[in-house]
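Single-structure report; data block below.
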Amino acid sequence: MDCSGAIVYVLDQMGYEAPKWINVTSMLNGKYDWICFFPNIDNERQGTTGILNFYQFENEDIATHVNVGVGVQVPKGFSEPFLDLKSQIIDAASPETNPSVRNGRYGQVYNAANGRVNQTYAPFFTNPESSPNKTPVMKGYIDWNKLKRKQ
């Protein structure tokens, strides 16, 4: 599972029809009318439910990673108050990437790993030690009214 696959998985689990072969490029090129874009980028709404954050990493010409905001969540197995509750994002990483750079950072409750859905506090930054692109390069949102429910 990679980052776009995590979004398809979550939408499917929520009871929405989601295209099975979606990727970051197709999300950005306007192929899906349920993905809308903001005219500006900020870190304030990163973890808001349905917010899509697109990232461009070093040596890349286009965005190749996306995560989605899931709002304020209490981690499974914990009870309130847990740390300070903040909005969170979820994503997944393909085997070629290294999400473990997040492990041990504040808000990374469970260790991040390849090939599964990972949860992190927002605002989420790419690797701040080595990446010049610490914030999303594009920000969008899911228009829930345009997504179809499964029959």
Side-chain angles (χ1 to χ4, degrees), residues 1-78 82 85-103 105 107-127 131 133-151:
M1 180 181 299
D2 66 2
C3 57
S4 50
I7 293 170
V8 170
Y9 174 78
V10 169
L11 291 174
D12 181 68
Q13 293 298 303
M14 292 172 66
Y16 289 100
E17 289 182 12
K20 300 295 182 210
W21 302 108
I22 194 170
N23 61 33
V24 173
T25 303
S26 66
M27 294 172 104
L28 287 169
N29 72 13
K31 183 174 181 177
Y32 305 103
D33 68 346
W34 50 271
I35 297 176
C36 304
F37 296 96
F38 291 107
N40 59 350
I41 301 166
D42 64 50
N43 278 331
E44 297 306 312
R45 39 181 188 221
Q46 266 196 38
T48 303
T49 304
I51 294 293
L52 298 168
N53 305 289
F54 295 90
Y55 297 87
Q56 180 177 337
F57 295 105
E58 293 176 31
N59 304 318
E60 294 179 346
D61 296 329
I62 59 171
T64 57
H65 183 68
V66 63
N67 63 38
V68 63
V70 294
V72 175
Q73 305 290 323
V74 177
K76 203 177 227 178
F78 294 88
F82 172 74
L85 296 178
K86 295 183 179 183
S87 293
Q88 297 166 43
I89 59 92
I90 60 165
D91 68 355
S94 63
E96 300 82 38
T97 59
N98 182 17
S100 65
V101 296
R102 304 182 214 166
N103 296 341
R105 287 174 24 195
Q108 187 65 43
V109 179
Y110 305 108
N111 283 342
N114 293 15
R116 71 168 196 218
V117 175
N118 296 301
Q119 187 170 336
T120 305
Y121 275 10
F124 168 83
F125 297 104
T126 57
N127 185 357
S131 178
N133 300 308
K134 297 179 184 175
T135 59
V137 294
M138 181 67 96
K139 188 174 292 288
Y141 62 94
I142 296 171
D143 184 341
W144 300 105
N145 294 320
K146 292 182 180 175
L147 265 177
K148 294 180 183 171
R149 288 274 185 187
K150 293 181 193 176
Q151 298 292 341

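In this structure, CD1 in Ile51 is found 6.5 Å from NZ in Lys139, a value given to the nearest 0.5 Å. Taking SG from Cys36 and CG from Asp143, the interatomic distance works out to 4.5 Å, rounded to the nearest 0.5 Å. Asp2 contributes atom CG, which lies 9.5 Å from atom NE2 of His65 (distance to the nearest 0.5 angstrom). Note that CD of Gln56 and CE of Met138 are 11.0 Å apart. Values are rounded to the nearest 0.5 Å.
Inter-residue side-chain proximity for Ile7 and Leu52 is flagged as met; some heavy-atom pair is nearer than 4.5 Å. Counting heavy atoms from C-beta on, the side chains of Val24 and Thr64 never come closer than 4.5 Å. No side-chain heavy atom of Tyr55 sits under 4.5 Å from any side-chain heavy atom of Asp91. Proximity of Val10 to Tyr16: side-chain heavy atoms (C-beta onward) are nowhere separated by under 4.5 Å.
For the pair Arg45 and Tyr141, the NZ or CZ position fails the cation-pi test of under 6.0 Å to the six-membered ring centre and within 45 degrees of the ring normal.
Ala63 and Phe54 make their closest contact through CB-CB, 4.1 Å (heavy atoms, listed as atom of the first residue, atom of the second, distance). The two residues Leu11 and Ala18 come nearest to each other via the heavy atoms CB-CB, 3.9 Å. Here the shortest heavy-atom pairing between Arg149 and Met14 reads NH1-O, 2.7 Å. For Trp144 against Gly50, the heavy-atom pair with the smallest separation is CZ2-CA, 3.9 Å.
Counted within 6.0 Å of CG on Asp61, heavy atoms from surrounding residues, nucleotides or ligands total 12 or fewer; the atom is thus considered open.
Within the 3.5 Å criterion, the main-chain N or O of Asp12 finds a donor-acceptor partner in the side chain of Lys150.
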Query raised in the report: Step by step, would you call Ser26 with Asn23 a side-chain hydrogen bond (donor to acceptor under 3.5 Å, both in side chains)?
Result: CA-CA 5 Å; Ser26 66; Asn23 61 33; 3.2 Å; yes
